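Below, chains carry the letters A, B, ... as their sequence lines are ordered, and counting in each starts from 1. This one's a predicted model, so the numbers in the text were calculated from it and none came from an experiment.
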There are 2 protein chains.
Amino acid sequence: MPEKKKIPKSAVSRLSLYLREVTRLEKGGKGKISSTELGDYTDLTDAQVRKDLSYFGQFGTSGAGYDIPSLKEAIRKILGKDKIWPIVLVGAGNIGSALLRYPGFKNQGFVIKEAFDADRKKVGKRCGDVVVKDIKNISDIKKNGSIRIAIIAVPENSAQDVANTLVKVGIRSILNFAPVVLRVNSGVTVSNIDLSTELENFSFILSSQEAP
Amino acid sequence: MPEKKKIPKSAVSRLSLYLREVTRLEKGGKGKISSTELGDYTDLTDAQVRKDLSYFGQFGTSGAGYDIPSLKEAIRKILGKDKIWPIVLVGAGNIGSALLRYPGFKNQGFVIKEAFDADRKKVGKRCGDVVVKDIKNISDIKKNGSIRIAIIAVPENSAQDVANTLVKVGIRSILNFAPVVLRVNSGVTVSNIDLSTELENFSFILSSQEAP
DNA sequence: TGGAATCTGTGATTTTTTTCACAAATACGG
DNA sequence: CCGTATTTGTGAAAAAAATCACAGATTCCA
Ligand SMILES: NC(=O)c1ccc[n+]([C@@H]2O[C@H](COP(=O)([O-])OP(=O)(O)OC[C@H]3O[C@@H](n4cnc5c(N)ncnc54)[C@H](O)[C@@H]3O)[C@@H](O)[C@H]2O)c1
Ligand SMILES: NC(=O)c1ccc[n+]([C@@H]2O[C@H](COP(=O)([O-])OP(=O)(O)OC[C@H]3O[C@@H](n4cnc5c(N)ncnc54)[C@H](O)[C@@H]3O)[C@@H](O)[C@H]2O)c1
């Protein structure tokens, strides 16, 4: 009976942070790092760092800490960053075109291969490395290898429709900028970027501080 | 001795969701709602909805549920949305200008009143409702009422400097798009929008599903 | 080579958050 | 106005996550 340890979802997100820091430190020529130091860089405790890494294996050496290049490679592998991930973006408006023009993703192995929009004025335009296509041709992505990650950057009233379409053509993970709760089959992962919620956390905190 | 109940941070974020839904439902003319139904709309359990609301008071009626208009007003007040929140944005590049052009914030009481950039080519340009100013004049915001919320949309290598400056001129809450861990005094709240981390969660999940 | 210093990995503990489950309140049909 | 059906609010229980704390491994230097 294979023992399954349960990994907190937040541990995976912190792994991203660790990867970012060790990547930076490796470029700076640093060779090894302790959990305490990595915790300092990420604003976490040393115990949290060690515990997070321990969910995935043993990467350190007692008395010496972690070898930066091998820790980096290990985390890259865990996060699937030893592969290139093609992405489709739907909605080439304000946010969508900012994402298309951002070179940072490509360097990280996340390549926006296709972009779709419903507006004739947008269709045919080049943005970043891609030419925006008509949403009607969305099933083109089936041809283009196997894209499983999508970004939704359309207005809230079309987001659910777009999500349904995307799931139909094989998408398994959706990064959603529209302020709506998307309904998808279990098996499809949705992550919401909700800037209003973030700002409302601020206004809540600031209001509470003011009151008492 | 005033009893202080401890409110989970995530409960505040969910409050945002509830507010969004009841606002939408009120527009649709709906008058009351049960915790079960609100949970359906937000993909949460009825118990979670009731518990969250109970941190802040008693808003419902046994047997009847919640009156939508009054629940909406109650949540608005809790989140500080009965006021207008002026915001300063730093970095009018891809992301920054997408935010400036987005009309959604204003409707929500979050008004970007000032935008700053270090690039002469950006300075002086109108974007959305504001004219981009030189970052050197950042202390202008002290004159402009009391802005306490900032959005950082500059490259990672300038983000910490910008944060330091912002805190100096009175900012207490920072929404940060740069992929760096910002160091700020306790008392200043930072929220990070880290799209790479979100995508890495996807690549982690997709990789794990593939392997076994 | 030895002994003090460092640092990991992890079981145990504590804290935090979610879920359960039910008494009490209210609604409503007849 | 009564009895049944709903639905809330909340302690208690369970689950999840973070923190503690330490045995044991390794390093380093005298
Ligand atoms: N821009 C921001 O700063 C910002 C901030 C927070 C949230 N959002 C949310 O992000 C989403 C996009 O915002 P935006 O400012 O980029 O909007 P936008 O109007 O600039 O762009 C939306 C794009 O989606 C396209 N579109 C509409 N329906 C479509 C469909 N069915 N299929 C394909 N394309 C379709 C439109 O043609 C348009 O180009 C919205 O849901 C918005 O609420 C944006
Ligand atoms: N664009 C995206 O899709 C995207 C995605 C993920 C993360 N990010 C992050 O968001 C940030 C902004 O990205 P972007 O694509 O908008 O970059 P950008 O280069 O288009 O814009 C950055 C802007 O900041 C200005 N700037 C630089 N230093 C400054 C300073 N010290 N003071 C004031 N202004 C300064 C620049 O002049 C420029 O206008 C970056 O940290 C990036 O890593 C962007």
Side-chain angles (χ1 to χ4, degrees), chain A residues 3-18 21-22 25 30-72 74-75 78 181 197 201 204-205, chain B residues 3-18 21-22 25 30-72 74-75 78 181 197 201 204-205:
Chain A
E3 65 171 71
K4 54 174 173 181
K5 37 185 167 184
K6 189 210 43 193
I7 297 169
K9 164 128 175 54
S10 47
V12 177
S13 296
R14 285 190 297 264
L15 227 46
S16 285
L17 273 190
Y18 305 146
E21 292 306 315
V22 297
L25 292 165
K30 196 170 164 70
K32 41 166 66 177
I33 193 169
S34 70
S35 56
T36 306
E37 202 180 350
L38 189 46
D40 287 345
Y41 283 120
T42 51
D43 239 3
L44 298 164
T45 64
D46 57 333
Q48 180 81 80
V49 171
R50 291 198 300 281
K51 179 66 93 176
D52 284 343
L53 295 175
S54 80
Y55 290 123
F56 303 97
Q58 305 189 166
F59 307 106
T61 318
S62 299
Y66 301 88
D67 176 69
I68 289 182
S70 38
L71 180 59
K72 189 194 84 171
I75 301 180
I78 294 163
V181 176
T197 296
N201 279 329
F204 169 73
I205 293 170
Chain B
E3 65 170 71
K4 55 174 172 181
K5 37 185 166 183
K6 191 210 41 194
I7 298 169
K9 165 128 175 52
S10 46
V12 177
S13 295
R14 285 190 296 264
L15 226 46
S16 286
L17 275 190
Y18 304 145
E21 292 307 314
V22 296
L25 291 166
K30 196 170 165 71
K32 39 165 69 178
I33 192 170
S34 70
S35 56
T36 306
E37 202 180 350
L38 189 46
D40 287 345
Y41 283 120
T42 51
D43 239 3
L44 298 164
T45 64
D46 58 332
Q48 181 82 78
V49 171
R50 292 198 301 279
K51 179 63 94 176
D52 284 343
L53 295 175
S54 80
Y55 290 123
F56 303 97
Q58 304 190 169
F59 307 106
T61 316
S62 300
Y66 300 89
D67 176 70
I68 288 181
S70 38
L71 180 59
K72 189 195 83 171
I75 302 180
I78 294 164
V181 175
T197 297
N201 279 329
F204 169 74
I205 294 168

Atom pairs, protein N/O to nucleotides 26-30 of chain C N/O, distance under 3.5 Å:
unit_1: C:dT26; atom_1: O4'; unit_2: B:Ser62; atom_2: O; d: 3.2

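- Considering only residues two or more places apart in sequence or on other chains, B:Thr45 meets the side chain to side chain contact (heavy atoms under 4.5 Å, CB included) condition with B:Ala47, B:Gln48.
- With sequence neighbours excluded, no residue satisfies side chain to side chain donor-acceptor pair (under 3.5 Å) with B:Thr61.
- In this structure, A:Ile33 places its CD1 atom 15 Å from C1' of C:dT6, rounding to the nearest Å.
- Proximity of A:Tyr66 to the phosphate of D:dT26: no side-chain N or O atom is located under 4.0 Å from OP1 or OP2.
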Short N/O separations, protein against nucleotides 10-17 of chain D, under 3.5 angstrom:
unit_1: D:dT10; atom_1: OP1; unit_2: B:Gln58; atom_2: OE1; d: 2.9

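- The two residues B:Pro69 and B:Gly31 have their closest heavy-atom pair at CD-O, 3.6 Å.
- Considering only residues two or more places apart in sequence or on other chains, B:Ile78 meets the side chain to side chain contact (heavy atoms under 4.5 Å, CB included) condition with A:Phe204, B:Leu15, B:Phe56, B:Phe59.
- Taking the side chain to side chain contact (heavy atoms under 4.5 Å, CB included) definition, one finds that B:Leu17 meets it with A:Val181, B:Arg20, B:Thr42, sequence neighbours left out.
- Identified under the salt bridge (charged side-chain N to carboxylate O under 4.0 Å, His left out) test for residues 32-41 of chain A, with sequence neighbours left out: A:Lys30-A:Glu37.
- By the side chain to side chain donor-acceptor pair (under 3.5 Å) test, B:Ser34 pairs with no residue at all, sequence neighbours left out.
- By the 4.5 Å heavy-atom criterion applied to side chains, A:Val22 and A:Tyr66 are not counted as neighbours.
- Atom-to-atom, CZ of B:Phe59 to C1' of D:dT8 comes out at 13 Å; the value is rounded to the nearest Å.
- The phosphate of C:dC7 (OP1 or OP2) has no side-chain N or O of A:Ser35 nearer than 4.0 angstrom.
- Residue pairs that meet the salt bridge (charged side-chain N to carboxylate O under 4.0 Å, His left out) test with at least one member in residues 44-66 of chain B, sequence neighbours left out, are B:Arg14-B:Asp52, B:Asp46-B:Arg50.
- In this structure, CG of A:Leu44 is placed 8 Å from P of D:dT19, rounded to the nearest angstrom.
- In this structure, the CG atom of A:Asp46 is 10 Å from the C1' atom of D:dT19, given to the nearest Å.
- Listed by chain and number, the residues in a side chain to side chain donor-acceptor pair (under 3.5 Å) with A:Ser13 are B:Asn201 (sequence neighbours excluded).
- Applying the side chain to side chain contact (heavy atoms under 4.5 Å, CB included) test to B:Ser62 and every residue at least two apart in sequence or in another chain returns nothing.
- Put simply, CG on B:Leu15 is 15 Å from P on C:dT17, counting in whole angstrom units.
- In this structure, the helix from C:dT1-D:dA30 to C:dG30-D:dC1 shows an angle of 20° between the axis at its start and the axis at its end, each fitted on 5 base pairs and rounded to 10°.
- In this structure, B:Thr36 reaches neither bases nor backbone, as no heavy-atom distance under 4.0 Å exists between it and the strands shown.
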